[in-house]
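Only one structure is covered here, and it is reproduced in the block below.
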Amino acid sequence: MRLLVIYCHPDPESFNAALCSRVVEAARAAGHEVDLLDLYAEEFDPVMSCSERRGYHTIGSNQVPVATHIERVQAAEGLIFVYPTWWYGQPAMLKGWLDRVLVPGVAFAMPEPNVPIRPLLTHIKLIGVVTTLGSPWWLWTMLMGAPGRKILLRGLRAICARGARTFWLGLHEMDTVSDRARTRFLDRVGRRIGRIA
């Protein structure tokens with residue numbers, strides 16, 4: 001499978017960097033083709049400009065500012081996101097990437113009278129998330145409703161292939177867990193990526 005790994009963390013020595021490396025290594029070891037998109041290393045600009053917003057619905061020209069990123073998404077069969085969960089959701093850099101790259105005519109067709117929004121990422125058969133969270137599971141899930149998870153595994157999945165598979169791997173209480181727990185999570189991530197068919 002052609003996998004686009006979208007990695008978002010500013011510190012190249014972070015635990016998230018180790019998670020990203022494990023994802024890439026395990027995917028390649030399992031025979032998958034991997035394109036690593038490191039948003040910070042590539043200095044992606046997450047800010048949608050005024051002109052971009054005004055042209056957001058103009059199919060074709062709305063793709064020009066982020067054409068290379070769109071090409072990478074269109075070449076993929078699976079998307080795997082690796083990032084820290086901050087304030088219960090994706091970091092601003094990653095949210096900006098979603099806003100600017102998954103535009104009408106690429107990710108979805110805008111609704112029309114009596115015609116609902118239509119998915120255009122029908123080549124994407126897998127969405128995976130590997131993340132860390134400072135909050136405990138009960139707070140993030142039961143009190144906050146897991147907003148970051150819903151954005152990707154419900155919102156994004158709705159515009160991908162029908163029956164697209166998903167997985168979510170999250171290490172909660174990241175700031176206080178032991179080194180042993182981190183090692184176990186790294187191993188869990190490697191095993192899960194190795195099972196991608």
Side-chain angles (χ1 to χ4, degrees), residues 1-47 66 68-73 75-102 124 126-137 139-141 144 146-153 156 165-196:
M1 180 178 283
R2 293 187 304 278
L3 299 173
L4 177 62
V5 176
I6 302 107
Y7 170 61
C8 183
H9 196 289
D11 186 351
E13 297 178 7
S14 68
F15 182 65
N16 273 260
L19 289 171
C20 182
S21 294
R22 184 63 57 92
V23 166
V24 171
E25 291 164 6
R28 288 182 175 151
H32 301 291
E33 181 182 329
V34 178
D35 177 10
L36 173 60
L37 172 55
D38 183 335
L39 295 177
Y40 277 94
E42 296 190 21
E43 299 182 343
F44 178 77
D45 183 357
V47 178
V66 288
T68 57
H69 288 259
I70 289 170
E71 288 170 9
R72 293 167 81 171
V73 170
E77 297 170 291
L79 304 175
I80 300 178
F81 297 87
V82 183
Y83 63 90
T85 294
W86 291 338
W87 279 101
Y88 310 107
Q90 289 77 23
M93 174 80 80
L94 180 51
K95 182 59 171 64
W97 185 86
L98 295 170
D99 291 343
R100 294 188 65 212
V101 175
L102 303 184
I124 301 296
L126 172 76
I127 303 169
V129 176
V130 177
T131 190
T132 56
L133 308 94
S135 61
W137 176 87
L139 173 63
W140 186 73
T141 305
M144 300 307 299
R149 181 176 181 151
K150 288 177 180 174
I151 288 170
L152 296 175
L153 300 194
L156 177 57
R165 293 170 293 141
T166 64
F167 68 84
W168 177 276
L169 299 173
L171 178 63
H172 286 270
E173 302 182 73
M174 171 62 193
D175 303 316
T176 57
V177 296
S178 66
D179 289 342
R180 184 179 176 200
R182 292 183 186 201
T183 299
R184 284 200 308 264
F185 187 68
L186 277 167
D187 292 342
R188 181 179 168 208
V189 167
R191 289 193 303 271
R192 181 60 188 88
I193 298 301
R195 293 200 308 271
I196 294 174

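Proximity of a side-chain donor or acceptor of Gln90 to a complementary backbone N or O of Thr85 within less than 3.5 Å is not detected. A donor-acceptor pair is defined here as one N or O able to donate and one able to accept, closer than 3.5 Å; no such pair exists between the side chain of Thr166 and the backbone of Ile127. For Arg192 (side chain) and Leu169 (main-chain N/O), no donor-acceptor pair under 3.5 Å exists by modelled atom type. Using a distance-only test at 3.5 Å, with no hydrogens or angles considered, no donor-acceptor pair links the side chain of Arg195 to the main chain of Gly190. Looking only at distances, a side-chain donor or acceptor of Ser178 sits under 3.5 Å from a matching main-chain atom of Ala181.
Across all their heavy atoms, Pro46 and Ala92 have their closest contact at CB-O, 3.8 Å. Across every non-hydrogen atom of Ile124 and Gly78, the tightest pair is CD1-N, 4.3 Å. Shortest non-hydrogen contact noted between Gly148 and Tyr83 is O-OH, 4.3 Å. Pro84 and Cys8 get closest at one heavy-atom pair: CD-O, 3.0 Å. Of all heavy-atom pairs spanning Trp86 and Pro10, the tightest one is CH2-CD, 3.8 Å.
Between the CG atom in Leu3 and the CD1 atom in Ile193 there is a gap of 7.5 Å [rounded to 0.5 Å]. Atom CG of residue Leu37 and atom CD1 of residue Ile80 lie 13.0 Å apart, to the nearest 0.5 angstrom. Taken to the nearest 0.5 Å, the CD1 atom of Ile70 stands 8.5 Å off from the CG atom of Leu102. To the nearest 0.5 Å, the span separating CG on Leu171 from OG1 on Thr131 amounts to 9.0 Å. A distance of 13.5 Å separates CZ of Arg188 from CZ of Arg22, quoted to the nearest 0.5 Å. To the nearest 0.5 Å, atoms OG1 (Thr176) and CE (Met174) are separated by 9.5 Å.
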Please report the C-alpha distance between Leu79 and Leu152 in whole Å, then the side-chain angles of each, then the deciding distance to 0.1 Å, and finally whether the side chain to side chain contact (heavy atoms under 4.5 Å, CB included) criterion is met. CA-CA 10 Å; Leu79 304 175; Leu152 296 175; over 6 Å; no
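Take Glu42 and apply the side chain to side chain donor-acceptor pair (under 3.5 Å) test, not counting sequence neighbours, and it matches Arg72. Checked against side-chain contact (heavy atoms from CB on, under 4.5 Å), Arg165 has the following partners two or more places apart in sequence or in another chain: Met1, Leu126, Ala197.
Looking only at side-chain heavy atoms (C-beta outward), Leu94 and Phe44 stay at 4.5 Å or farther from each other. Residues Tyr7 and Leu39 are not in side-chain contact: their nearest non-hydrogen atoms beyond the backbone lie 4.5 Å or more apart. Here the side chains of Arg28 and Val24 are in contact, with some heavy-atom distance below 4.5 Å. Between Phe167 and Ile196, the closest side-chain pair of non-hydrogen atoms falls below 4.5 Å. At least one side-chain heavy atom of Val177 sits less than 4.5 Å from a side-chain heavy atom of Arg182. By the 4.5 Å heavy-atom criterion applied to side chains, Leu156 and Phe81 are counted as neighbours. When side chains are defined from C-beta on, Asp38 counts as touching Tyr40, because their heavy atoms get closer than 4.5 Å. You'll find the side chain of Glu173 stays beyond 4.5 Å of the side chain of Leu133, heavy atoms only.
Salt bridge status for Asp187 with Arg191: absent, with no side-chain N to carboxylate O gap under 4.0 Å. Between Arg2 and Glu33 no salt bridge is recorded (no basic side-chain N to carboxylate O distance below 4.0 Å).
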Using atom types as modelled, flag every donor-acceptor pair under 3.5 Å from a side chain in residues 12-20 to any protein atom, sequence neighbours excluded.
from  : atom 1 : to     : atom 2 : distance (Å)
Ser14 : OG     : His9   : ND1    : 3.4
Ser14 : OG     : Asp11  : O      : 3.0
Ser14 : OG     : Asn16  : N      : 3.4
Ser14 : OG     : Ala17  : N      : 3.0
Asn16 : ND2    : Thr132 : OG1    : 3.0

